[in-house]
Amino acid sequence: MSNTILEIKNLRTEFLMPNKRHLVAVRDSSLHVDAGEIVGIVGESGCGKSITAYSVLRIVPEPGRITAGEILFRGEDLLGKGPEELREIRGKEITLICQDPLSSLNPVYDIFWHFNEIFTAHGVQKSHAEKIEQIVGLLGTVGIVQPERKLHQYPHQFSGGMRQRVVIAMAMLLQPKLIIADEPTTALDVTTQRAIFDLLGGLRDKLGISMIVISHDLYLIAEQCDRMYVMYGGEIMESGRASDVFNHPLHPYSAGLMDSIPSLSFHQEHLNGIKGEFSSVFEENPKGCCFAGRCDRVGEECLLTRPEMREIEEGRFVRCLKA
Amino acid sequence: MIRYIVRRLFYGLITIWIISVVIFSIIHMLPGDPIQLMFGKTPNPERIAIVRSFYGLDKPVISQYGLWLANILRGNFGVSIVSGQLVTELVLPRISSTLLLTFAGLLFSICIAFPSGIAAAVHHNTWKDLSLTSISLILISIPEFWIGIVYMMVFSVWLGILPTSGYVSISESLVGFARIVFLPALTVASVQAAQTTRMVRTNILEIMRLDYITLMRSFGVKEKRLLNVHVFKNVLIPVLTQIGMQAGALMGGVIIIERVFTYPGLGLLMMRALQDRDYPVLQACIMVFALVYVVFNLIVDILYCVINPKIRY
């Protein structure tokens, strides 16, 4: 596949806790993003979605470490790069959109300053007027009305949805190849969620930027993404075309996840869920499947053998012995 | 901006007026009669009555206050009961020496606190951080006058490089004045700096973790710039508030430290006036301290709204 933008191979990200224990947040995970593709990652809180995203940008917070695997961006391994090379890739080639727009802009600086910082960080030589023109154009693209008036306003003068649009505009400033959106809509209300997703989809269509979208919202992921990955306990459990995974989940966890979506179409006595609780302490070398404790299809072999990713159909992978 | 400053100024004036009432009342509630003290062991009732009416102390309290306030507004703080000198003559020359000490202390405290707070935050959870935070904890815990005596021991007695006391006016010799003011200012600064260091450290660590820093890091902004620009301006807001609140402690410290170093400032004058029950001098001293406090907080308020765009004028 020559048009693969990003390929993560067997990534392992661990946190070395003060008690000398290793907490494995991402284990043996592989995923790839093709040019112009939107890839979704879904899973419950704490399953390693965000850490996967941070690993790509190499900004995993302390005491996190990437201990194994490869992250190939346009064929080059990001794990082998020095801090300065990485810094040049961040913001220019790969950009991030954070989870909570209310806290993703610096409250003591105005909007123009935020964009200018990105220009400065990457040594962009442009006149003030040129910069203003480009930023105003971008803010218009992401749907901010009267952008030239908003340029010198401060973040607290914007609503959550508007701030997320500003962040998206910042992420697009230097025309990156890949945008990683870490739960871009979680903190927003329903109508704004839709608008932001439409905006991201539109950007892909117009500019051909590839995206990784991390979300809890299965409907939006299924609707907007080309392919999706389901994560559980730091591992990727299932992957495939978004509509396939959504409509015909193969892994019992994916099935449970899709089944947990509340429905309005018929009278529901109670909300379906996945029984048991997610264990947040990740073992270093687990025996058996990490979902076995909550799985309703669990068999003896599931407790003894760790399942590997298997290709069931063309482009359809699942990490389950029973599927 | 102008409206904001005018409003702050107005609040400042009201504060000063309330302080004037408080000063006036407290001093009149203190036990001890200065006129009787003046005559010592051989009181002469007739002459006491004359002196009492000379100072206006026979009038009702309210009209005494009215008279006092009217005089103050004209810059007349009266005459010292002890020496008979004009209060303004006694107080004015000392204002500058106390202010210089206070600002030197403040300057030292800022110059110590920011670098050490930043160093502690950058090297957090290492021996550097641990030693800086331990030193600051020790400095917070021991009284200022004791620190002053220790500095005197080290710099004056053992090393013999700085004088323990005395005074050289700044107009006479800048170097001489600096040598005099160094130890008292360092003493005052020590406790302040210790508190501010901890404040700077905690705030940097807290803000470093926030989303807007992570986001800018993900856009390729250099770590150094993240700390010096992105984080720093946000740290200034709480730290400035802290420094503003320290103003009272700073001047309280100055009063004690002047005594330790026999530095001829307002504090020393005030202590003596308090012992002698020299009301006019005492009132003038307290008024000056109150005024400095109000002006100090006014400056903090103005700086605050320059830094923080969320404050509306």
Side-chain angles (χ1 to χ4, degrees), chain A residues 18 50 53-54 56-63 83-110 113-124 152-157 163 166-167 170-171 173-174 176 179-180 182 187, chain B residues 1 4 120-130 200-242 300-313:
Chain A
S50 299
Y54 289 163
V56 173
L57 283 159
R58 301 273 311 272
I59 52 169
V60 179
E62 287 285 311
E84 192 57 21
E85 285 175 292
L86 274 172
R87 194 185 66 73
E88 276 165 19
I89 289 171
R90 291 179 197 141
K92 203 152 129 196
E93 307 284 346
I94 309 175
T95 57
L96 180 73
I97 296 168
C98 276
Q99 207 172 105
D100 181 8
L102 295 177
S103 61
S104 42
L105 295 173
N106 196 327
V108 298
Y109 290 105
D110 67 7
W113 177 90
H114 283 85
F115 286 93
N116 200 32
E117 281 296 299
I118 304 174
F119 280 134
T120 315
H122 295 283
V124 176
H152 291 290
Q153 287 189 354
Y154 287 90
H156 71 271
Q157 291 163 297
R163 287 189 219 184
V166 171
V167 174
M170 282 162 67
L173 187 67
L174 300 177
I179 295 181
I180 301 172
D182 182 13
Chain B
M1 185 79 178
Y4 174 83
V122 170
H123 304 284
H124 70 106
N125 295 339
T126 64
W127 66 270
K128 283 180 194 166
D129 175 32
L130 198 70
V200 169
R201 176 188 177 273
T202 338
N203 275 287
I204 289 179
L205 289 179
E206 224 162 74
I207 291 166
M208 259 319 198
R209 272 199 294 269
L210 293 182
D211 282 356
Y212 56 80
I213 300 300
T214 309
L215 187 73
M216 277 313 209
R217 182 178 291 129
S218 84
F219 284 135
V221 175
K222 289 180 181 150
E223 286 299 318
K224 231 179 183 166
R225 188 161 173 85
L226 282 176
L227 178 68
N228 293 343
V229 179
H230 297 230
V231 173
F232 191 74
K233 200 172 169 190
N234 283 283
V235 170
L236 275 184
I237 297 174
V239 170
L240 205 65
T241 314
Q242 154 104 351
V300 168
D301 276 345
I302 291 168
L303 283 178
Y304 206 70
C305 87
V306 170
I307 295 169
N308 191 350
K310 278 190 202 170
I311 292 184
R312 289 199 208 128
Y313 326 131

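Proteins get letters first, then strands, A, B, ... in listed order; numbering begins at 1 in each. Keep in mind that this is a model prediction, so the values were computed, not measured.
When heavy atoms are compared at a cutoff of 4.5 Å, P176(A) does not approach chain B at all. Heavy atoms of I94(A) lying under 4.5 Å from chain B belong exclusively to its backbone. For L96(A), the parts lying under 4.5 angstrom from a heavy atom of chain B are both the backbone and the side chain.
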Between chain A and chain B, which donor-acceptor pairs sit under 3.5 Å apart?
from	atom 1	to	atom 2	distance (Å)
D211(B)	OD2	S103(A)	OG	2.9
Y212(B)	N	S103(A)	O	3.1
S218(B)	O	G91(A)	N	3.2
F219(B)	O	H122(A)	NE2	2.9
G220(B)	O	R87(A)	NH1	2.6
R225(B)	NE	E117(A)	OE1	2.7
R225(B)	NE	E117(A)	OE2	3.2
R225(B)	NH2	E117(A)	OE2	2.6
V229(B)	O	Y109(A)	OH	3.1
H230(B)	O	N106(A)	ND2	3.1
H230(B)	NE2	E117(A)	OE1	2.7
K233(B)	NZ	V108(A)	O	3.4
N234(B)	ND2	N106(A)	OD1	2.7

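Nearest approach of P309(B) to P107(A), heavy atoms of both residues: CG-O, 3.2 Å. A pairwise comparison of heavy atoms in A121(A) and G220(B) identifies CB-O, 3.5 Å as the closest pair.
A search for side-chain contact (heavy atoms from CB on, under 4.5 Å) contacts involving V239(B) returns F114(B), T196(B), M199(B), V200(B), V235(B), I243(B), not counting sequence neighbours. The ring pair (Phe, Tyr, Trp, His ring centres under 6.0 Å) check on F115(A) picks up nothing, with sequence neighbours excluded.
Most heavy-atom pairs under 4.5 Å with chain A, from the set I237(B), V231(B), V229(B): that is V229(B).
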